[in-house]
Amino acid sequence: MADAVQQLFPEAKVTIGPPVEDGFYYDFDYPNAFSVSDLEKIEAKMREIIVQGAAFECREVTRDEALATFAKRNEPYKIELINGLPEGEKITMYRHGNWEDLCRGPHTVKTADIKAFKLLKVAGAYWRGDSKNKMLQRIYGTAFASQAELDAFLQQREEAEKRDHRKLGKELGLIAFHPYAPGAAFWLPKGAIFYHELSEFMRSLLLSEGGFVEVKAPLLFNQKLWETSGHWQHYADAMFRVVSEEQNFGLKPMNCPGHMLLYSMGLHSYRDLPIRYCEQTPLHRNEASGTLAGLTRVRQFCQDDGHIFVRPDQIEEEVAAALKLVAKIYGIFDLKYEVKLSTRNPEKFIGSIETWESAEKQLAAALERNHIEYRLEPNEAAFYGPKIDFDVTDAIGRKWQCATIQLDYNLPERFDLTYIGEDSKKHRPVVIHRAIFGSFERFIAMLIEHYAGAFPTWLAPIQVQLLPISDDVIDYSQDVKAKLMQSGIRVAVDGRNEKLGLKIREAQLQKVPYMAVIGKKEKEAGGLAIRSRVKGDLGVMNIGDFGKLVLAENEQKR
RNA sequence: GCCGAAGUAGCUCAGGGGUAGAGCAACUGAUUCGUAAUCAGUAGGUCAGGGGUUCAAUUCCCCUCUUCGGCUCCA
């Protein structure tokens with residue numbers, strides 16, 4: 001591709017072009033952005049090159065040879081790359097026809113081996129991934145061993161786009177956005193039901209089995225709190241600030257500092273630990289405008305947040321319990337995830353290196369003892385401590401952090417938190433930050449895409465849609481609705497003067513789990529003709545039996 | 001925030017320097033119907049907002065806002 005680009009746009013400077021998960025990209029320094037029609041020209045040129053069928057030849061060169069080659073071609077980025085290679089590293093060049101590139105390889109044997117490819121999109125990307133550097137033009141593409149495989153890939157992408165939570169969220173009447181509130185969702189009546197079900201599910205679980213107590217801290221805090229926690233120094237720009245009577249306040253971007261204050265306001269015995277606070281209140285982060293995306297990256301959100309204050313000897317057990325809870329909850333939704341252990345960023349941390357290393361070791365140990373596969377992510381920790389993150393992949397293949405478990409020795413220090421030990425002296429607790437869903441907003445986005453909008457009964461905004469066939473059974477339908485509602489089922493009547501086929505079609509498109517057709521026969525028999533979203537016509541059932549069936553699914557989270 | 005693309009009726013989209021169109025939805029009427037779309041009629045728009053060029057701008061240019069795809073960031 002780079003060969004084709006330079007043939008068509010001789011001014012374009014080559015930089016790097018690695019393979020990625022679904023294909024490849026190449027970054028060019030070129031004064032203008034490439035347009036869609038440029039991509040077509042580049043593709044055409046690439047086909048010409050492929051048809052020529054030149055072999056890819058690899059040769060090893062010395063550092064000086066490599067430098068001289070790219071100096072002659074006036075390719076400063078390649079020279080910078082070569083100079084950045086460690087001493088003694090093998091330098092290889094790949095040639096096809098008259099064009100040669102610095103590359104680690106390997107390549108296919110010859111250009112003609114490339115059977116099917118497509119350039120997908122252009123985007124800006126910073127040189128060496130640093131926003132202080134120049135912005136380059138990146139071209140993304142993909143390639144397959146056959147046209148059929150490429151077609152299948154493109155087809156699959158189209159299918160995936162249909163599950164996009166932004167599209168389904170609108171179609172199913174769950175969420176809306178308005179330009180007056182960028183990055184903050186409106187939860188429409190149906191979306192609010194979904195949200196509330198999840199929220200209640202988590203609350204009751206944490207309060208019953210989880211050993212948590214629920215608290216509600218203020219949303220707005222004096223700047224002094226954020227200075228104490230360290231957030232002001234690290235994230236002042238990303239906080240929404242409010243001035244009142246010459247005092248600076250900040251809307252809370254997270255719950256931990258509030259919970260630290262709450263803990264610090266009382267006296268705690270070693271016998272009381274662990275103390276587990278949970279809270280679901282709104283958080284605000286002033287995310288950069290260009291990063292906002294549907295429900296996955298928002299400015300206002302709410303976490304199923306929790307902070308556990310423990311003695312050092314209780315860390316392992318509490319982390320293990322959190323790991324088990326994540327596995328249990330994600331199992332209920334059948335959601336797949338990847339686990340990462342993020343360790344200290346030498347350029348962004350508070351506290352001593354010793355405590356960091358100890359914290360990192362304890363998290364790794366907890367993962368290993370629970371036989372959880374994970375990937376190490378150096379430098380990715382929060383500034384106050386290392387963390388275990390759980391990434392979920394969205395419909396179009398992007399990964400989003402959802403659950404998180406973070407170990408923190410630093411905030412207890414900064415807030416001078418203590419508990420009274422057996423020796424009646426003051427000791428420092430450790431804090432475990434943890435969220436299972438992460439943010440409700442993002443988790444719901446993942447669920448919408450995971451289920452493609454066809455939610456299990458317990459989450460479906462409307463669980464049963466009653467479909468009266470004619471006006472003379474509407475009264476009976478209302479009676480049925482009242483009965484089902486009384487038993488706690490979310491039920492609606494489609495009383496419009498429309499044909500049954502249309503009502504069924506619309507209920508299906510809205511992905512309502514159960515439809516109940518009501519005509520004269522049902523009215524006389526006192527029953528319902530049940531139709532399942534998935535299985536179709538289930539025949540006539542009596543109201544009580546059907547109600548039990550739905551309630552059982554509610555109970556079993558199905 | 002940076003690079004790029006986009007914004008036309010509630011929704012999905014067409015159009016294009018001479019004052020805007022379809023389908024669905026809505027409304028009205030007819031139809032009372034048995035497992036994925038009944039028929040007819042009516043109404044609906046500062047063409048995202050602001051400025052400029054022009055006799056004339058929704059169309060061309062500039063700015064702003066929002067959204068989308070990436071990049072950076074993500075407590």
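A quick note: this is a predicted structure, and the numbers were derived from the prediction, not measured. Letters go in sequence order (proteins before strands), and every chain restarts at 1.
Among B:U66, B:C74, B:C71, the nucleotide with an atom closest to any side-chain atom of A:Glu287 is B:C74. Among the nucleotides B:A75, B:U67, B:C2, the one closest to any side-chain atom of A:Pro182 is B:U67. Closest to the side chain of A:Arg505, from the set B:U32, B:C71, B:A36, is B:A36. Nearest nucleotide to the side chain of A:Leu500, out of B:C65, B:U35, B:A75: B:U35. Of the listed nucleotides (B:A75, B:C2, B:U32), B:C2 has the atom at the smallest distance from the side chain of A:Tyr126. Of the listed nucleotides (B:U32, B:C33, B:C65), B:C65 has the atom at the smallest distance from the side chain of A:Pro179. Taking every side-chain heavy atom of A:Ile469 into account, B:C33 is the closest of B:C33, B:C71, B:C65. Taking the side chain of A:Ala123 as heavy atoms from C-beta on, and the options B:G69, B:G34, B:A36, the nearest nucleotide is B:G69. Closest to the A:Leu509 side chain, of the nucleotides B:A36, B:C65, B:A75, is B:A36. Taking only side-chain atoms of A:Arg442, from C-beta outward, the nucleotide of B:C74, B:C71, B:U66 with the closest atom is B:C74.
Distance CG (A:Asn410) to C1' (B:A75): 13 Å, rounded to an integer number of Å. In this structure, CZ of A:Arg496 is placed 14 Å from P of B:U28, rounded to the nearest angstrom. In this structure, A:Phe186 atom CZ and B:U66 atom P are separated by 14 Å, rounded to whole Å. Rounded to whole angstrom, the span from the CG atom of A:Asp29 across to the C1' atom of B:C3 amounts to 13 Å. Atom-to-atom, CD of A:Glu522 to C1' of B:U35 comes out at 11 Å; the value is rounded to the nearest Å. Taking atom CZ of A:Arg157 as the reference point, atom P of B:G69 lies 11 Å away to the nearest angstrom. The distance from atom CD1 of A:Ile350 to atom C1' of B:A75 is 10 Å, rounded to the nearest whole Å. In this structure, CG of A:Asp22 is placed 15 Å from C1' of B:G70, rounded to the nearest angstrom.
Within the nucleic acid shown, A:Lys521 comes within 4.0 Å of at least one base atom, counting heavy atoms only. Residue contacts for A:Lys535: at a heavy-atom cut-off of 4.0 Å it reaches no nucleic acid atom on any strand shown. Residue A:Arg299 is classed as having no contact, given no heavy-atom separation below 4.0 Å to the nucleic acid. Within the nucleic acid shown, A:Ala288 comes within 4.0 Å of at least one base atom, counting heavy atoms only. A:Lys520 comes within 4.0 angstrom of a base, heavy atoms only. As judged by a 4.0 angstrom heavy-atom cut-off over every strand, A:Tyr384 is placed among residues touching the sugar-phosphate backbone only. In this structure, A:Ala507 reaches neither bases nor backbone, as no heavy-atom distance under 4.0 Å exists between it and the strands shown. Counting any heavy atom pair closer than 4.0 Å across all strands shown, A:Gly173 reaches no nucleic acid atom. If you check every strand for non-hydrogen atoms under 4.0 Å, A:Leu502 touches sugar and phosphate atoms only. Contact annotation for A:Leu292: backbone-only contact, meaning every heavy-atom pair under 4.0 Å involves sugar-phosphate atoms and none involves a base. Counting any heavy atom pair closer than 4.0 Å across all strands shown, A:Ser131 reaches sugar-phosphate atoms only and no base atom. As judged by a 4.0 angstrom heavy-atom cut-off over every strand, A:Gly501 is placed among residues touching the sugar-phosphate backbone only. Among the atoms of the strands shown, none is found under 4.0 Å from any heavy atom of A:Gly536. Looking at heavy-atom distances under 4.0 Å, A:Lys387 makes contact with sugar-phosphate atoms alone, never a base.
Side-chain atoms of A:Arg285 and base atoms of B:C73 include no donor and acceptor less than 3.5 Å apart. The base of B:G70 is not paired with the side chain of A:Gln137 by any donor and acceptor separated by under 3.5 Å.
Shortest non-hydrogen contact noted between A:Ala322 and A:Ile436 is O-CD1, 4.4 Å. Nearest heavy-atom pair, A:Pro346 versus A:Phe349, reported as atom, atom and distance to 0.1 Å: O-CE2, 3.3 Å.
Remark: ring of A:Tyr235 overlaps the six-membered base ring of B:A75 in a stacked fashion, centroids less than 5.5 Å apart, planes less than 30° apart.
Classification of the A:Tyr384-A:His433 ring pair by plane angle, with boundaries at 30° and 60°, yields parallel. Relative orientation of the A:Phe28 and A:Tyr26 rings is parallel, given thresholds of 30° and 60° on the angle between their planes. Taking the six-membered ring for Trp and thresholds of 30 and 60 degrees, A:Phe34 and A:Tyr30 have nearly parallel ring planes, at less than 30 degrees apart.
Under the 4.5 Å side-chain criterion, counting only non-hydrogen atoms from C-beta, A:Cys402 is in contact with A:Arg442.
Each of A:Arg531 and A:Gln401 was matched to the nucleotide of RNA chain B holding its nearest heavy atom; the match closer to the 5' end belongs to A:Arg531. Nearest-nucleotide positions on RNA chain B for A:Val517 and A:Ala181 put A:Val517 closer to the 5' end.
Under the side chain to side chain contact (heavy atoms under 4.5 Å, CB included) rule, A:Leu466 has a single partner from A:Ile474, A:Val480, A:Val473, which is A:Val480.
Atom NZ of A:Lys216 sits in a crowded spot, with more than 12 heavy atoms from other residues, nucleotides or ligands closer than 6.0 Å.
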